[in-house]
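We number each residue from 1, following the sequence as shown. When a ligand or atom number is given, it counts from 1 through the structure's own listing order. Only this structure's heavy atoms are used, side chains among them; waters, hydrogens and symmetry mates stay out.
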Amino acid sequence: MSPPFHSFHLHKLCYAFMILLPGVTILTATAIRTNNGGNETDRLALLAFKEKITNDPQGVLRLWNDSLNFCDWNGVQYGRRHRRVTTIDLESRGIASTLSPYLGNLSFLRVFNLSNIFQGEIPLELGRLFRLEILDLNGNNFEGKIPSTLSRYSELTFLSVANNNLVEKIPDELSSLSKLTNFQIHVNKFTGGIPSFIGNLTLLETMSAAYNHLVGSIPDAFGQLRNIMAIGLGGNNLSARHRYDASSSSTPAAGS
Ligand SMILES: *[C@@H]1O[C@H](CO)[C@@H](O)[C@H](O)[C@H]1NC(C)=O
Ligand SMILES: *[C@@H]1O[C@H](CO)[C@@H](O)[C@H](O)[C@H]1NC(C)=O
Ligand SMILES: *[C@@H]1O[C@H](CO)[C@@H](O)[C@H](O)[C@H]1NC(C)=O
Ligand SMILES: *[C@@H]1O[C@H](CO)[C@@H](O)[C@H](O)[C@H]1NC(C)=O
Ligand SMILES: *[C@@H]1O[C@H](CO)[C@@H](O)[C@H](O)[C@H]1NC(C)=O
């Protein structure tokens, strides 16, 4: 017996929507069928993410259930072509949780914005999200260090782990984030010096590392940051030797 039409329709709600879009041909339907594996991986990853939640005062994730296709879950956006999760944006919902390593399976994720009450360590598996362009973990309670696996983000333009409880050195591996324009690590407990590789991230427009436990001097290599508009380094124990030269840039660099 074939399933009643309405249940098919509900279950395939978002696929049906795509098929009805003007200009979408039968090719899309074929692509949809062959992509079911990826789809299920994303669904499992989102459910694993939800499973870790210990407090959800606004009930945001209560709506993440099978009564809706997961492409319509709150805070989740989808790529039309691959039907894979491209965005998770769950800012300021007061959600308390730890990050599931399953998130590393959302291999089409481009934007991850999470300002809530997440704690524990940033899982190494997050480094598998090689398509990420924006990672905004600002304002949680993350502990431990920045995993060196975050260096695999060749498309990353925005990285913020500001306002957490992260420790240890800024990892040298981050020198590979060559597309980075915004780098925010302020208000943590980072130690060690400011690495000179930051001078090689020449697309940087803002860099804030204020209110950590950083020591030493500002690397001369900062003079290579031609696009920099703002640097914040106050609230550390940096020596007064300001030798970086922003005078060749038309936009003045803001001091710390
Ligand atoms: C499941 O989600 C729907 C909305 O998508 C919501 O109306 C319903 O209350 C949820 N079910 C449970 C058991 O929370
Ligand atoms: C997803 O990630 C988890 C944890 O990293 C792993 O155990 C699991 O096998 C992965 N694959 C799928 C298809 O869920
Ligand atoms: C993340 O969300 C917050 C709150 O809506 C917003 O202020 C912030 O700009 C977003 N981050 C990025 C990188 O877009
Ligand atoms: C900066 O880039 C130059 C040229 O690619 C390279 O030789 C140097 O080792 C890099 N410096 C750091 C600190 O990564
Ligand atoms: C700051 O650094 C200087 C020299 O590196 C050191 O002598 C001093 O004790 C440090 N101060 C604090 C508060 O850590």
### Task
Can you establish whether the number of heavy atoms outside Phe142 located under 6.0 Å from its atom CZ is more than 12?
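Yes - once you tally the heavy atoms of other residues, nucleotides and ligands closer than 6.0 Å, there are more than 12.
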### Query
So with a 6.0 Å cut-off around NZ of Lys50, is the heavy-atom count from everything else above 12?
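More than 12 within 6.0 Å, yes.
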### Task
Any side chain to side chain donor-acceptor pair (under 3.5 Å) involving residues 190-204? Give me the pairs, sequence neighbours left out, ordered by first then second residue.
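Found Asn200-Gln224.
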#### Entry: Any residue meeting salt bridge (Lys or Arg N to Asp or Glu O under 4.0 Å) with Glu155, in chain and number order, not counting sequence neighbours
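Only Lys179 meet the salt bridge (Lys or Arg N to Asp or Glu O under 4.0 Å) criterion with Glu155.
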Atom indices of ligand 1 within 4.0 angstrom of [X] heavy atoms, with elements:
| X | answer |
| --- | --- |
| Asn65 | 1 (C), 2 (O), 3 (C), 8 (C), 10 (C), 11 (N), 12 (C), 14 (O) |
| Ser67 | 1 (C), 2 (O), 3 (C), 5 (O) |
| Arg62 | 1 (C), 10 (C), 14 (O) |

### Task
Could you tell me if the ring centre of His82 sits under 6.0 Å from that of Phe108?
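That pair passes the under 6.0 Å test.
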### Task
Check Leu68 against ligand 1 and report side chain, backbone, both or neither, counting heavy atoms closer than 4.0 Å.
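Answer for Leu68: side chain.
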### Test item: side-chain donor near acceptor, Tyr78 and Asn39, under 3.5 Å
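There is such a pair (donor and acceptor under 3.5 Å, judged by atom type) between the side chains of Tyr78 and Asn39.
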### Query
Can you tell me if Arg131 and Ser107 form a side-chain donor-acceptor pair at under 3.5 Å?
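Distance-only check fails for Arg131 and Ser107.
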### Message
Suppose the criterion is salt bridge (Lys or Arg N to Asp or Glu O under 4.0 Å): which pairs have a residue in residues 180-195, not counting sequence neighbours?
### Response
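As it turns out, there is no salt bridge (Lys or Arg N to Asp or Glu O under 4.0 Å) pair with a partner in residues 180-195 once direct neighbours are skipped.
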### Task
Considering the heavy atoms of Asn105, write down every atom of ligand 2 situated less than 4.0 Å from one of them.
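Going through ligand 2 atom by atom, the ones under 4.0 Å from Asn105 are 1 (C), 2 (O), 3 (C), 8 (C), 10 (C), 11 (N), 12 (C), 14 (O).
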#### Entry: Within the 4.0 Å heavy-atom sphere of ligand 3, strictly under, residues
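Its neighbours under 4.0 Å (heavy atoms only) are Glu91, Asn113, Ile134, Asp136, Phe158, given by chain and number.
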